[in-house]
Amino acid sequence: MSARRLALAVVAVAALAMLGACGEIDTTALAPIDDYQTWRQFPPQVGAVDGHGSSYREIFVNDVASEYAHAGRYRDGAVLVKRIHALGPGNSKGPLSYVAIMRKLDEPPDDLPTDGGWLFTKVAGEVGVAEERHFSLCWNTCHRQAPWDGVYFDYGE
């Protein structure tokens, strides 16, 4: 590899690291979400979407998120969980790729990193089994422009 290509690769990796601000975080002070699959579920979304590529997405929201008033800000304690699957044959649900989590934290404990009041994390596997990692890239490149307080759909009842 030439010195120029190596330098470009190093700059690209550094830029991605700064944008993503990735890293494992301690969520033990937050309300557990291991039971999220019992929460209110929305119809699956299938196909290509920014941030998740061409995928099969299942979305679950807790009771606090379900009480969203269709305008303004989500209340502290609102949690949205999105299970991202690969697409299977005929746009069916394929294997689980990761779980994306949004938690509304108006006053985050232990200075957890929030963006627009939301803590964005991903789990490379199932919640409660794999470690959660913070991703500010979600807010900076996508959710900042979402119409409902950083969320693309109104999940209120």
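When reading the values below, keep in mind they use all heavy atoms of this one structure, side chains included, and skip hydrogens, waters and symmetry mates. Nothing here was measured: the structure is a model prediction, and the numbers come from that model.
Phe153 and Phe120 fall within the same hydrophobic cluster, defined by Ile, Leu, Val, Met, Phe, Trp and Tyr side-chain heavy atoms under 4.5 Å apart, directly or through other members. A single hydrophobic cluster is seen to contain both Phe42 and Tyr152, as judged by linkage of ILVMFWY side chains at heavy-atom distances under 4.5 Å, directly or through other members.
Counting only N and O atoms by type, the side chains of His52 and Tyr98 include a donor and acceptor under 3.5 Å apart. For Tyr36 and Arg83, the side-chain atoms include at least one donor-acceptor pair closer than 3.5 Å.
For Asp34, the CG atom sits in a packed shell: over 12 heavy atoms of surrounding residues, nucleotides or ligands are nearer than 6.0 Å.
The closest side-chain heavy-atom distance from Val64 to Asp76 is not below 4.5 Å. Between Ile84 and Val99 the shortest side-chain heavy-atom distance does not fall below 4.5 Å. At least one side-chain heavy atom of Leu96 sits less than 4.5 Å from a side-chain heavy atom of Glu126. Residues Ile59 and Val81 form no side-chain contact, since every pair of their non-hydrogen atoms from C-beta on lies 4.5 Å or further apart. Here the side chains of Ile101 and Lys122 are not in contact, with every heavy-atom distance at 4.5 Å or above. Looking at His134 and Leu119, their side chains come closer than 4.5 Å, going by heavy atoms from C-beta outward. The side-chain heavy atoms of Asn91 and Tyr56, taken from C-beta on, include no pair separated by under 4.5 Å. Considering only heavy atoms from C-beta on, Thr121 comes within 4.5 Å of Arg103 through its side chain.
Here the side chain of Asn62 pairs no donor or acceptor atom with the backbone of Leu80 at under 3.5 angstrom. Proximity of a side-chain donor or acceptor of His85 to a complementary backbone N or O of Lys93 within less than 3.5 Å is not detected.
The side chain to side chain contact (heavy atoms under 4.5 Å, CB included) test with Val79 singles out one residue from Phe60, Trp39, Trp118, and that residue is Trp39.
Atoms OH and OH, on Tyr155 and Tyr68 in that order, are 12.0 Å from each other to the nearest 0.5 Å. Annotation: the span from Ser97 atom OG to Arg57 atom CZ amounts to 11.0 Å, rounded to 0.5 Å. Taken to the nearest 0.5 Å, the OG1 atom of Thr38 stands 4.0 Å off from the CG atom of Asp35.
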Practice item. Decide yes or no on salt bridge (Lys or Arg N to Asp or Glu O under 4.0 Å) for Glu58 and Lys82, but give the supporting numbers first. Key: CA-CA 6 Å; Glu58 301 172 296; Lys82 190 183 315 179; over 6 Å; no
Exercise for review: With salt bridge (Lys or Arg N to Asp or Glu O under 4.0 Å) as the test, would you mind laying out the steps for Lys104 and Asp149 before giving the verdict?
Suggested key: CA-CA 10 Å; Lys104 187 66 169 196; Asp149 188 26; 2.9 Å; yes
